[in-house]
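This report refers to the structure that appears directly beneath it.
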Amino acid sequence: MHPAPSVIIFTTLSGLGFGLLFWLGLGLLAPAGWVALAFFAVAYLLAVGGLMASAFHLGHPERALKAFTQWRSSWLSREAWLSVAALSIMAIYGAGLVFWGVAWTPLGWLGAGSCLGAVGATSMIYTQMRTIPRWRTWLTPALFIALSLGGGALLAGQITFAVILLPVAAVVQIAWWVRGDRALARSGTDLETATGLGHIGTPRAFEPPHTGTNYLTREFIHVVGRRHAQKLRAIAFVLGYLLPILLLGLPLPLPHVAAALAVLSHITGILASRWLFFAEAEHVVGLYYGKRVA
Amino acid sequence: MTNLPTSTQRKLGLVIDLDTCVGCHACVISCKGWNTENYGAPLSDQQPYGADPSGTFLNRVHSYEVQPDRGAAQLVHFPKSCLHCEDAPCVTVCPTGASYKRVEDGIVLVNESDCIGCGLCAWACPYGAREMDAAEGVMKKCTLCVDRIYNQNLPEEDREPACVRTCPAGARHFGDFGDPDSHVSQLTAARGGFDLMPEQGTKPVNKYLPPRPRDSLDQTDVLAPFLEPVAQETKGFVAWLDRALGAL
Ligand code: SF4
Ligand code: SF4
Ligand code: SF4
C-alpha cells in the first residue's frame, strides 16, 4: 500500500492523543487548573491534529459530514462517531478539571471508554480488509490499542503503566511482523485463484493493461526491499519501544528530561513502524499486475 | 445505504470468454468513450501526451502466459471490470452510503455527489475494479452501462453494455444470472464458468469461461525439418574464419 503521510500521521498522533485522554479520563491523575489545561491541550492537539491530517486524504473533505451516516455497516463511520463522542465527553470532563477542579468520575470513565473505542474502530478499518492479508488479524487491533495505551501512559506521566504496557506493545508488534511476513502466502490467494487459470498450468503476468502507472498501481502496489524493511523495523523497534522503556525504567538523573526524550523517541519510532504498516502491506490486486515484494 | 440487499430481483452481469478474447482492447476504448460522456463525472486523463500518461478506466485488459507441465505456453488475454459481487465488500465499507448495490438488478453503483473520495471501497475490492478519478476526487467504477441497458432512446440492439456491443470477437456477454434460462446462465453452465478469487468470499456475479485446450503438436510447423541448416561442417574460407574468430 502507498504509505500516505496523512494517514501515517493521523493514526500515530490520534492514537497517542486518545491514549492520553484515556488516562486522563480514568482519573488516576487528576490535574487541576493550568496543569490540567496543558494536559488537555496536548491531547487535543494530537487527537484533533491527527483527524485533520486524515481529512487531507479525502477527495472531497467538504462532504466529510456524510461519513457519519453509515455507522450500521462501516467502520470508518463508526470511527467518526466514536472520535466525536470521545472528544466531546472528554471536553466536558476536562472543563470540570480546568475551571472547577472537580473530576466527574463516571463521565471520565465514559470518555476513556470512547477513546479506546475510537482507536479500536480505526484499527478495524484496516483489520476488516480481506484484500490485505497482513492486516487481517486480531493482532492489528491489539497492536493499535496497546500502543495507544502505552504511549498515552508515557505522555500522562504514568511511568509504572508505561513500563508495563510498552513491552506488551513491543511483543505484539513483533508477533504482528512475524505473522505478517507469511500472511499473503497463507491467505490462499495467488495468481492462480486470481485468474482461475491454475488448472492449465502456471500463470505469469505477461503484459500489464497499460505501459504507464494508474491509480491502482500507485495506491496499492508499493514494493519495499526486504533489506530496507529489516533496517526500518530495527529502527522502529529501538526508538519506539526499547529506548523509551530504558529511559523510563533505569534510575537516571533528570527524570523529566529522560521522560521528554522517551516521548520523542517513541513518537519517531512509531511513525517509522506506521510507515512500514502501510508500505509493507500487500494488496491482492498486485497479483494481477505480477507484483510481489522482492 | 451501505448494507447489502439480502437478495436482488435480477442478477445482471457479464460473461467473459477467455477462449475467444483476442486482447484487442476495443472494450477498453468503447467503455472509456461511453462512460466519459454519460453517467457521472468524466473519466479524466493526466498528461495524456506527456512523459508519464495516466488515466481512469473502468475496464482493463491484462495478458497472462500459462505454462503447462508439458508443451507450449499459452497466452490468455484477460479483460477485467467490476464483477458486481453479491457480497460486495466495497459497499459495506463505504462510510457515506455513496456505494450501493441495487435491489432491482444487483448493479453496484457509486452516487458521486455523496462520495467523499476516501478510497476505502477500492481498498476493499480484491479485483482492482474501482479507480479514484484524479481530477474529480470521486470513485469511478463500471456501471454495467446502466444508462444504456434501460435506455429507450437507443435502438434495441444498442441496449447492452458498450464493451459487449463493441467486442469484435464476441468474448463478452451480458445478461441476467438470476434466470437459469438466460443465455449467460446457459453459457456458464455449458462451458464451466468460474469465479475469480472465490476464497475472498465476494460471490462475483460476472463469470469467466476457461480457455479451451489447445492442440498439442510435437512440432509447431510441418516445414520446420526443411529449414534445418544444410551444411553442418564448414569448409574453406568460412572454416578458417570460424577457427580464427574462435581463437580470439
Ligand atoms: S468487483 Fe470490486 S468493485 Fe465490483 S462489486 Fe466486486 S468488490 Fe465491488
Ligand atoms: S471513496 Fe466514495 S464510494 Fe468509496 S468508500 Fe469512500 S465515500 Fe464511499
Ligand atoms: S459494462 Fe459498461 S461500464 Fe462496465 S466495463 Fe462494460 S462498457 Fe465499461
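Letters A, B, ... are given to chains in the order of the sequence lines, protein chains preceding strands, and every chain is numbered from 1.
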Let me confirm one number: the CZ-OG1 distance from A:Arg72 to B:Thr92, rounded to the nearest 0.5 Å. 14.5 Å
Closest-packed option against chain B by number of heavy-atom pairs under 4.5 Å, given A:Ile125, A:Leu197, A:Thr189: A:Thr189
How would you list all residue pairs meeting side-chain hydrogen bond (donor to acceptor under 3.5 Å, both in side chains) that involve residues 78-90 of chain A, not counting sequence neighbours? A:Glu79-A:Thr122
Given side chains that start at C-beta, do those of B:Gln200 and A:Thr131 come closer than 4.5 Å, heavy atoms only? yes
Part of B:Glu112 lying under 4.5 Å from any heavy atom of chain A: backbone
Distance check, rounded to the nearest 0.5 Å: B:Thr96 atom OG1 versus A:Leu58 atom CG? 10.5 Å
Quick one: pull up CZ in A:Arg130 and SG in B:Cys125 and give me the separation to the nearest 0.5 Å. 13.5 Å
Okay, B:Val76 and chain A: the region with an atom under 4.5 Å from a heavy atom over there is side chain
Among A:Ala67, A:Ala205, A:Ser54, A:Gly201, which residue forms the greatest number of heavy-atom pairs with chain B at distances under 4.5 Å? A:Ala67
Spell out the residues in residues 13-44 of chain B that have some non-hydrogen atom less than 4.5 Å away from a non-hydrogen atom of chain A, in order of number; otherwise answer 'none'. B:Leu18, B:His25
Contact listing (chain A partner; residues 127-141 of chain B; heavy atom under 4.5 Å): B:Tyr127, B:Gly128, B:Arg130, B:Glu131, B:Met132, B:Glu136, B:Gly137, B:Val138, B:Met139
Parallel, tilted or perpendicular: which describes the rings of A:Trp135 and B:Trp123, with under 30° parallel and over 60° perpendicular? tilted
Enumerate by number any residue of residues 206-214 of chain A whose heavy atoms lie under 4.5 Å from heavy atoms of chain B; in the absence of such residues, state 'none'. A:Phe206, A:Glu207, A:Pro208, A:Pro209, A:His210, A:Gly212, A:Thr213, A:Asn214
Distance-only side-chain donor-acceptor flag, A:Thr202 / B:Gln67, under 3.5 Å: no
Note: vs chain A, highest number of non-hydrogen pairs under 4.5 angstrom among B:Val93, B:Asp69, B:Asp52 is B:Val93
Which region of A:Ala64, side chain (C-beta onward) or backbone (N, CA, C, O), has a non-hydrogen atom less than 4.5 Å from a non-hydrogen atom of chain B, or is it both or neither? backbone
Between CG of B:Leu120 and CD of A:Gln128, what distance do you get to the nearest 0.5 Å? 6.0 Å
State, with a plain yes or no, whether a side-chain heavy atom of B:Pro210 is found less than 4.5 Å away from one of A:Ile200. no
Is the ring pair A:Tyr288/B:Phe78 parallel, tilted or perpendicular, if the boundaries are 30 and 60 degrees? tilted
Examine whether an atom of B:Pro126 lies under 4.5 Å from a heavy atom of chain A, and if so say whether it belongs to the side chain, the backbone or both; otherwise answer neither. both
Residue A:His228 excluded, over 12 heavy atoms near NE2 under 6.0 Å: no
In this structure, NE2 of A:His60 is separated from OG of B:Ser113 (nearest 0.5 Å) by 10.0 Å
Engaged part of B:Cys118 at the chain A interface, taking heavy atoms whose separation is under 4.5 Å: both
